[in-house]
Each structure stands twice: as C-alpha cells, then as structure tokens.
Amino acid sequence: MCGITGYVGGREKSVRLVLDNLKKLEYRGYDSAGVAVVAADTHDVTVLKRQGKLGNLEAALDGLGAARGTVIAHTRWATHGRPSDGNAHPHCDCTGRIALIHNGIIENYLSLKERLLAEGHVFHSDTDTEVLAHLIESHLKRNGGKMEMAVRGALAEVTGAYAVCVVSEQEPETIYAAKTASPLIIGLGEGENFLASDIPAVMGHTRRVLVLEDGDFARITPDGVTLTTVAGEPITRDEFAVTWDVRTAEKGGYPHFMLKEIHDQPQTIRDTLRGRVTEGNQITFPELKLPTAKLLDFHRIVIVACGTAYHAGMVGKSFYEHLLRRPVEVQVASEFRYNDPIVDQHTLAIIISQSGETADTLAALREAKVKGATTLAIVNVVGSSIAREADEVIYTYAGLEISVASTKAYVSQLIALYLIGLYIAQQENKLDREVVAAYVEQLKALPRQVAQILTQADAIAELARPLAHSSSFFFLGRGFDYAVALEAALKLKEVSYIHAEAYAAGEMKHGPLALVEPGVSVVCFATQSALYDKMLSNVKEVKARDGAAIAVVKEGDEGLDARSVDSVIRIPGTHDTFMPVLAIIPAQLLAYHIAAALGREIDQPRNLAKSVTVE
Ligand code: M6R
C-alpha cells in the first residue's frame, strides 16, 4: 500500500515538511521512498529516491532537506518491479521536467509502454507507473505544451487503479492529482494546500479535508483547489472537519485495525480480481510464466500453508476437486516435510502465505522444490522470501494487514484460489466460456455482497456482547462451510481467548456433543444448499442440549428461524463454492466484538506474532 504526500505553498523547508507528513503513513508499509521538488526559485525538478526505510532517503537529502518549493513524496509497496532505488517513485518523463507519484496498478501499461518505446521514450524502471510520466510527455508534445490537458489526456488512456500526483517545471506552483480506486485526500490550508493518501499525514497542519472520489481530478495551487472529472466536468466535494486523534485516523476512524481491515474487504476483493479478469469475463494471469501444457500435465495438486492460509487452502481443495476432478491434498506446512510427502515433477505445489516469511511454509516450499514439484505461491507481501523462491507467484494485493488476526488477507487468498482453479479449468477446456463467465460474474458481485453484510455490523455487535460470557464455542459446518467453521473458530480464539473448536457438523454426535450444555455457544454455518437439511438436524441436536445456537444462513432459507435457534444471521447468496467469502464476514465481526466486549488486545493478541519466522 503506497503512501502519498504533497505540498504547495510558501513554507521554508517544504521537502522536510512533506517527508515528516509521509512518516505518518509508515503504518501502511513500504519498501522504498522518494521525493520530488520543484524549486521555488529556479523551477528545476529534483528527484531523490532510495530503497528501504525513509531514514535512507533522509540520510541522502543533503541540501535538499532545506529546499523550498512544490513537493510530492511517496513510499512504495512493490507491485510491478522489485524494491529498488530505480523502481521507487517519483518517476520522470524523458526530459526530467515532469515528475509523478502513483498508488495503484496501471493495467494496460504494457501496451502503452510498447507504443511509447516506439515513439522513442527511454524507460529507467520496471514499473507500470513510469509509463504515465512518458504518456503525459507524449500528450504535451502533441497538444503544444498544455500541461493540464496532457495530464487529463494521459489519464483518459489509462485503465486500472490510481491515486496520482504530478508536478512539472512548467507550472511550478501546481500539483495535478486524480484518483480511481486508490485513496487520496486534500488538506486545505491558508495560502497552502496538502495532499496525502490518508488523513493522518495532514493532521499536523490542518483539520479541513476534501476526500476525493473515484474519477475526480484536482488542480491544486497555494490559493485553491479546482475539482473536475478527468474529462473536465466541474464537480464539488464537501469539506470535512477531522475530529479524531491521529491514532484513530490511522485506523480509518475504527477503534482497531482488525475492524478496519474487516471493513476493507470489499475493496480487497476488487484489488485481487483486478487485472485477472478480461472484458469477456475470462480469467487471465499475465504474471504466470508456466506454459499451459505444463499446467495441464500435473497429476496432483498439493496445497501447503499455516493457520488462516491453511483454511483458505481447504476451500481451494474442495473447489479444485469439484471443478477439476483431480486429487488435491491440503497439508499443514509444519507437518509437510516430516510426512515424507508424495510429491514429484508431476505435482503442482500451491504455497499460501500472507507474509511470505512463515518459516514452516518456506521450508515446505523448499521441500516441494527439492522433490521436483512446480511451486506456485499465493502471497501478499511482494518480494518476500516465498515470493522470491517459488517458481510462480500470484500476489493477492490485499495491502498491508496490520492486525495479527488475518481477515482481508484470508478473503484475498480465497479469491486468488478461485481464480487459479477457474484458470486451470478454462485452459483445460473443462468449462465453456459461458460457464467461466458466469462464475466470474458471481466473483465480481462479491464486493457488493460483502458490503451488504457489513451493513449488519451493528446488529452483529449487539449479538456478540452476551456471547462474550460463553464458556466455550463450537463452530459447525458441512462441505465448504466446514472450512469456514475452522477459520471462524481460529478467529475467535486468537482475539477473544475463549476456547473454540470447529467440527464437521456430522462429527458432533461422535463425541463432542457430550460437551454441549448451557453456557456453550454453537455457531452453525448452513450456506450449502445440498447440505442444508442435514445442518438443520445438527442444529436440533445442539438445541436439545440447551446450547446457544447461532445460525449463518443464506437470505431466503427459512428453515432456521427464531423458533429453532437463538439467533440467525442472514447473508446474501452466491454459488455455493463462493459462500466462504460471505460466510466468514459475520464470523470475523462476531470474533471482533466478543473480544472487544472482553477488553482484549485485539490487534496484538497475547503470545502471537504477525509473521511466524521460527519453526
Ligand atoms: O503469513 P502467513 O499467511 O504465512 O501466516 C500463517 C499464519 O501464521 C496466519 O495465518 C495466522 O494463523 C493468523 N494470525 C491467523 O489469523
């Protein structure tokens, strides 16, 4: 998740000021940083960039630290191109007179780059972003030197997600800014204005903020802000007064990162899907080098991961077996290499890890490689060890996940797994184009459906409070719901410290039912159409032992209601195989609010670390 800051105005040492603002965005995570200043006196554009922490950039500032002028600065979280000085932002055009910073992904950068190379532009980085600098230069040449028109023209050609800020020698006291899908705010001052990707960065200077919306284009000078669409239609946005403190602002106004990250999930799903779905709703993975013939040659698929990522893998197993009719094994990474795994050159090993640094998962990846498997990693952190060592990498683009309890990374792993399964089926001609397109339509509807579930957040918080007094929890499900139950139980235990177990619902009567008594709460997932009636029977078994039963069902399924269970959470329906994405949302909220009611350290639960780098 890149961070953006900018400044136009007359202050001394404005480079320092903008870098200090950028430090307030360090919580977003980054691997390199850079700054561009248009000097107030000479109007020269100077750019400085360094891999690593902001300290590296500051150490290299020399005289620039005292410079005055219009400034943009950026922390980069690598997507296209590894972390390096050259790939860090800002990026410039060929003349060095235009500099820009960007958060997001330019999806059509390859075709644009080919065109620009043919026009004679020279590139200095592996990034998608640099294309935009050259594209502005190209428009500027064609339109006779009108900067605003050039920026608009370039943006009109770009598809993907962006928050972008552009400065130039030609207009030394102007920043052009625009956004689609990535966040950007303007802090309003007196005779000066600020830009940032998040509010905490400007709070030391102003509490008056404009939050830009998708499609907004801003011309920002010391004296004011002009807002239009990219095409030039005037628009207005209401100014908003920030009343939070800085820590709350970092969390987007939520009391904890976990809750913020739960609410981030509609966007997370869009980000994981972005660039992987064609206009005709087929699946594409431009990043995969694996030839199709090889992809179709695998006799078995082995999925290996830990914790939440392992639970995502369980969903992947069921989906792949359903779709591909090939045997799929899912293994806990800490066991994998001690199990003498049956893996050879005909095996595809899918390694899932948010951090890309989990020691057991990394060791499993190495074991699979030694045994001859092709390894495909599903990873969130770009450039992490697992991403580097795997034969193929598919990034989840969930952004930085700060809460130890994984929420949005899990959902992004599910989406990546679905896409890979559909991709293999598509390449294998196992599914007609129309069938793939129908699946994709349902995937594309998930962000809206997750957002719809999140509107029930207050009601789920109400439901959670009395449940905080439960002595223990069971989470039950069948089929895909069993994998959800496992993840839901993990979420509750790690943040609330209440003992919780997940069972395939049919297993309850083989032993665990003996534990159900008053004070024990049982969350029953009943979202699988073919197994719904069976779940009804399992719920009755729980109620007959006076456990508190909470059911998660699809809207329209009326078999479980206030007469048969203590509470019902209704969620929208999708293809049964995609229900885990929706069913986990109320469970995440329940876990969060139960932990909040108990006053737990939600973002950093006792005894746990975000990245488990020891065996
Ligand atoms: O970074 P990874 O995905 O490899 O981490 C694996 C587990 O440690 C992780 O999912 C853990 O279970 C989460 N804290 C659960 O919320």
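Values below: all heavy atoms of this structure, side chains included; hydrogens, waters and symmetry mates excluded. Whatever order the structure lists ligands and atoms in, that order sets their numbers, starting from 1.
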Taking NZ, NE, NH1 and NH2 as the nitrogens, is one of them in [X] or [Y] under 4.0 Å from a carboxylate oxygen of the other?
X	Y	answer
Glu494	Arg600	no
Arg326	Glu428	yes
Lys260	Asp603	no
Lys289	Asp391	no

With heavy-atom distances below 4.0 Å as the criterion, list the atoms of ligand 1 near [X].
X	value
Ala309	3 (O), 10 (O)
Ser355	1 (O), 2 (P), 4 (O)
Lys491	15 (C), 16 (O)

Counting heavy atoms under 4.0 Å, the part of Glu494 that contacts ligand 1 is side chain
[atom] - nearest protein heavy atom and its distance:
atom	value
atom 14 (N) of ligand 1	Val404 O, 2.9 Å
atom 10 (O) of ligand 1	Thr308 N, 3.1 Å
atom 5 (O) of ligand 1	Thr358 OG1, 3.4 Å
atom 6 (C) of ligand 1	Cys306 O, 3.4 Å
atom 8 (O) of ligand 1	Val612 CG2, 4.0 Å
atom 3 (O) of ligand 1	Gln354 N, 2.6 Å

Would you call the rings of His299 and His346 parallel, tilted or perpendicular, taking 30° and 60° as the class edges?
parallel
Between His575 and Tyr439, is the ring centre distance below 6.0 Å?
yes
Can Glu357 be said to touch ligand 1, with heavy atoms closer than 4.0 Å?
no
Tell me which donor-acceptor pairs under 3.5 Å the side chains of residues 454-463 have, and how far apart each pair is, sequence neighbours excluded?
unit_1: Thr455; atom_1: OG1; unit_2: Gln452; atom_2: O; d: 2.5
unit_1: Gln456; atom_1: NE2; unit_2: Arg570; atom_2: O; d: 2.8
unit_1: Glu462; atom_1: OE2; unit_2: Arg465; atom_2: NH2; d: 2.7

Checking the N or O distance criterion of under 3.5 Å, is ligand 1 in contact with Ala405?
no
Side-chain donor/acceptor of Tyr320 to backbone N/O of Leu417, under 3.5 Å:
yes
